[in-house]
Amino acid sequence: VREENNMGVPAAAWALALMVGAVGAEEAQIASDNGQLMWNRHDSGDIILDTKIRDWVLIPIFVIMMFFTMLREYGGRLMNATAKADVTTVKQTQALQRAQLIRTNGGWIPEGGWNRRRAFYTDKEKGVFADTTVSKQEKDPIAMMSDPNMMMQQQKSMFTVMLPQMVMMGVISYFFSGFVMVKIPFPLSLKFKSMTQRGIELATLDVTFVSSFSWYVLVSVGISGVMSLILGRPSTVNDATAMQQQMQMQAGGQPIDTPKLYAAEMENLNMAEHKWAVDKAES
Amino acid sequence: MAAATLRQADVEELETKLNTHPEDSAIQRKLLACLRALKTRRPDLVARAGLPLLAGGGRGLGKSEVWDVREQVYLACLELHMWDHAEGQLDQLQAKFPKSVRVKGLQGMMSEAKGGASGVSKADATKHYEAALGVYKEVLEEDPANAFALKRKVCCMRGLGSPEALATAVGYLNEYLELYPTDVESWRELSEAYLEQGHVEAAKFALEECLMLSPVNYINHTMLADTLYTLGDHATARKYYAQSLELNNTPTNARAALGMVLCTTAINGKRGATQEEKTNNGALFEVGKTALVESYEHLPPNNAGKEVVKLARRWLKMA
């Protein structure tokens with residue numbers, strides 16, 4: 001509980017009353033009456049928000065975002081061609097998977113077979129994992145820039161993701177700023193205040209009351225779950241994954257480091273022992 | 001979603017409904033959707049429900065569903081050797097999706113089906129299969145990791161039937177398994193192919209792979225044990241039969257019981273076993289025998305069944 005000097009208290013109460021007055025007349029009375037109490041008690045507060053906020057801000061933002069996401073989903077599907085798997089990558093990932101399988105389920109096959117498989121993968125000269133010709137999948141940034149496919153991908157993701165996002169952000173900040181929108185049901189630390197209460201200049205307002213901008217952010221992050229319920233299957237395009245892809249591309253891409261994975265798997269296989277599960281079957 | 005609760009019983013129910021109302025498009029649609037979801041192979045039903053539905057203009061079918069239905073009906077017509085109907089559907093699919101790899105694969109299946117049809121001469125069959133192989137190779141040029149085309153190549157070779165073709169089939173199957181080594185069914189197919197060729201060791205390798213991929217399936221244990229027994233490794237075979245019987249102790253697992261009886265008999269005949277091993281072996285023989293007798297007693301109680309039980313008992317007493 002923070003101690004404030006006496007000057008802050010009436011100022012806070014007055015600001016609170018002003019703010020709520022913009023929302024509804026009756027509620028303002030109650031809130032200003034409670035203003036003093038609220039400040040002194042520092043509890044979760046009794047601000048009652050106008051139902052008009054719910055009808056004209058909360059639900060519309062949600063509906064508009066769903067609409068946009070659905071557009072993106074179907075638009076994305078139209079624009080993206082089917083992915084064609086690269087044979088070498090597939091082989092390498094499958095080799096790793098099979099090696100893991102040998103480690104986990106190897107106990108079911110007789111020792112001879114298990115040793116043969118292990119040697120197939122870990123033999124110093126001929127083993128699959130000892131293959132030195134396997135290279136890291138380097139993603140040369142310059143080559144990436146000039147590669148037309150990559151450019152198209154970037155442009156597509158830009159158009160389908162960043163553009164609507166920026167437009168929405170601008171719209172919401174412009175039209176729906178300056179008042180409290182929702183109360184988050186879980187407690188937050190005070191550090192979040194600057195983020196969640198953009199546009200509401202009240203130092204004393206409880207952190208759980210947030211602006212419409214943070215509602216927008218919350219919805220955009222959580223909409224994939226709702227979309228999967230509506231569409232009946234997981235959505236392929238949503239903000240979180242698209243942003244991740246963007247970041248990956250910008251970071252020069254994390255190349256799938258196959259030699260390292262191979263080396264790790266080889267270590268694991270060399271250390272593994274064959275525990276024959278069927279040995280006790282006869283008892 | 002509705003798909004999760006569909007069962008074989010639903011198919012039968014819909015079939016009876018179709019029998020009473022053969023022209024009802026709603027029933028036809030539901031039956032087709034049910035068969036698609038369950039991946040049941042009933043070309044007779046698909047043709048009976050699908051052809052009138054499509055001929056009637058596909059009433060009630062959604063824009064994207066109609067193409068799924070066309071593909072389904074096309075495949076059923078291929079199985080029933082209704083070439084004209086099949087070609088009609090293929091033309092529609094090709095017109096709508098001219099660059100599709102999937103439709104190209106379907107085109108290859110037409111040639112394959114014609115090659116496998118009854119009453120086709122050997123030369124004609126070879127021609128058809130060659131045509132199919134050509135199509136699949138084109139598909140693989142576009143999409144080298146296309147599982148469908150890789151598997152169909154194997155089937156083409158199997159369809160040809162000659163020992164050289166079988167060897168080529170095995171080669172293709174190995175290629176496929178290099179890319180997709182977690183496909184249990186394909187490993188099983190490989191083991192069968194090897195057994196046809198007589199390479200029991202190689203079949204054993206393939207079955208070991210099957211076993212690693214699904215160790216709780218009692219059939220895999222039995223099959224591996226069969227190969228081990230054939231190769232003469234009775235001790236290990238006996239262990240796997242025991243494991244199989246442990247996984248499935250019901251009368252349906254007669255094969256493992258028989259295997260156990262044979263194994264224990266073979267081990268009994270060997271020299272140089274300690275007394276403890278002999279008693280152990282004897283105990284296992286009894287286990288196999290009781291399981292086997294039980295499974296024979298579960299045969300249908302007609303005269304033939306009774307004869308079999310009598311024979312079995314006599315043989316077991318002698319073994």
Side-chain angles (χ1 to χ4, degrees), chain A residues 73-74 77-78 80-121 128-129 131 134 228-234 265 269 272 274-283, chain B residues 1-3 99-102 140 142-147 150 175 177-184 187 201 204-217 220-221 224-225 227-228 231 233 235-247 260 263-264 277 280-281 283-284 287:
Chain A
E73 165 94 17
Y74 290 112
R77 257 197 273 159
L78 282 175
N80 285 335
T82 47
K84 299 232 168 94
D86 175 34
V87 175
T88 355
T89 340
V90 171
K91 272 199 197 168
Q92 286 168 352
T93 25
Q94 293 289 10
L96 287 164
Q97 265 187 7
R98 186 156 168 249
Q100 267 180 357
L101 184 73
I102 293 175
R103 257 190 304 138
T104 40
N105 274 351
W108 291 104
I109 60 179
E111 187 143 10
W114 192 81
N115 280 328
R116 260 169 60 199
R117 285 172 168 81
R118 184 161 78 157
F120 176 68
Y121 280 110
V128 172
F129 288 156
D131 191 1
V134 164
S228 65
L229 277 177
I230 294 178
L231 296 172
R233 60 183 151 69
E265 199 58 40
L269 268 181
H274 180 245
K275 255 223 212 117
W276 202 18
V278 186
D279 207 5
K280 303 277 181 233
E282 292 167 340
S283 38
Chain B
M1 299 231 27
K99 298 213 194 85
S100 162
V101 160
R102 186 166 160 182
L140 283 169
E142 265 187 62
D143 181 10
N146 188 325
L150 287 167
E175 263 176 46
L177 284 166
E178 254 187 53
L179 283 176
Y180 301 99
T182 46
D183 187 349
V184 192
W187 281 110
E201 269 279 353
K204 183 180 91 156
F205 182 83
L207 283 170
E208 281 171 349
E209 206 67 37
C210 280
L211 195 52
M212 276 203 299
L213 284 167
S214 63
V216 288
N217 187 348
N220 286 333
H221 288 274
L224 180 61
T227 42
L228 285 165
L231 290 169
D233 188 356
T236 326
R238 197 181 68 180
K239 287 201 203 278
Y240 277 104
Y241 282 128
Q243 180 71 21
S244 177
L245 283 170
E246 206 180 299
L247 283 171
M260 179 64 93
C263 254
T264 41
E277 282 172 11
N280 211 11
N281 202 32
L284 284 167
V287 168

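Proteins get letters first, then strands, A, B, ... in listed order; numbering begins at 1 in each. All values reported here derive from a predicted model rather than from experimental measurement.
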Indicate the atoms forming the closest heavy-atom contact of [X] with [Y], along with that distance.
X	Y	value
B:Met212	A:Leu101	O-CD1, 3.9 Å
B:Leu211	A:Trp108	CD2-O, 3.5 Å
A:Arg117	B:Phe205	NH2-O, 2.8 Å

* Contact part of A:Gln94 toward chain B, heavy-atom cut-off under 4.5 Å: side chain, backbone, both or neither? -> both
* Between chain B and each of A:Lys91, A:Arg98, A:Gln97, count heavy-atom pairs under 4.5 Å; write down the option with the most. => A:Arg98
* Side-chain contact, heavy-atom cut-off 4.5 Å: B:Leu213 with A:Asn105? -> no
* Would a 4.5 Å heavy-atom cut-off, applied to side chains only, mark B:Glu208 and A:Trp114 as touching? -> no
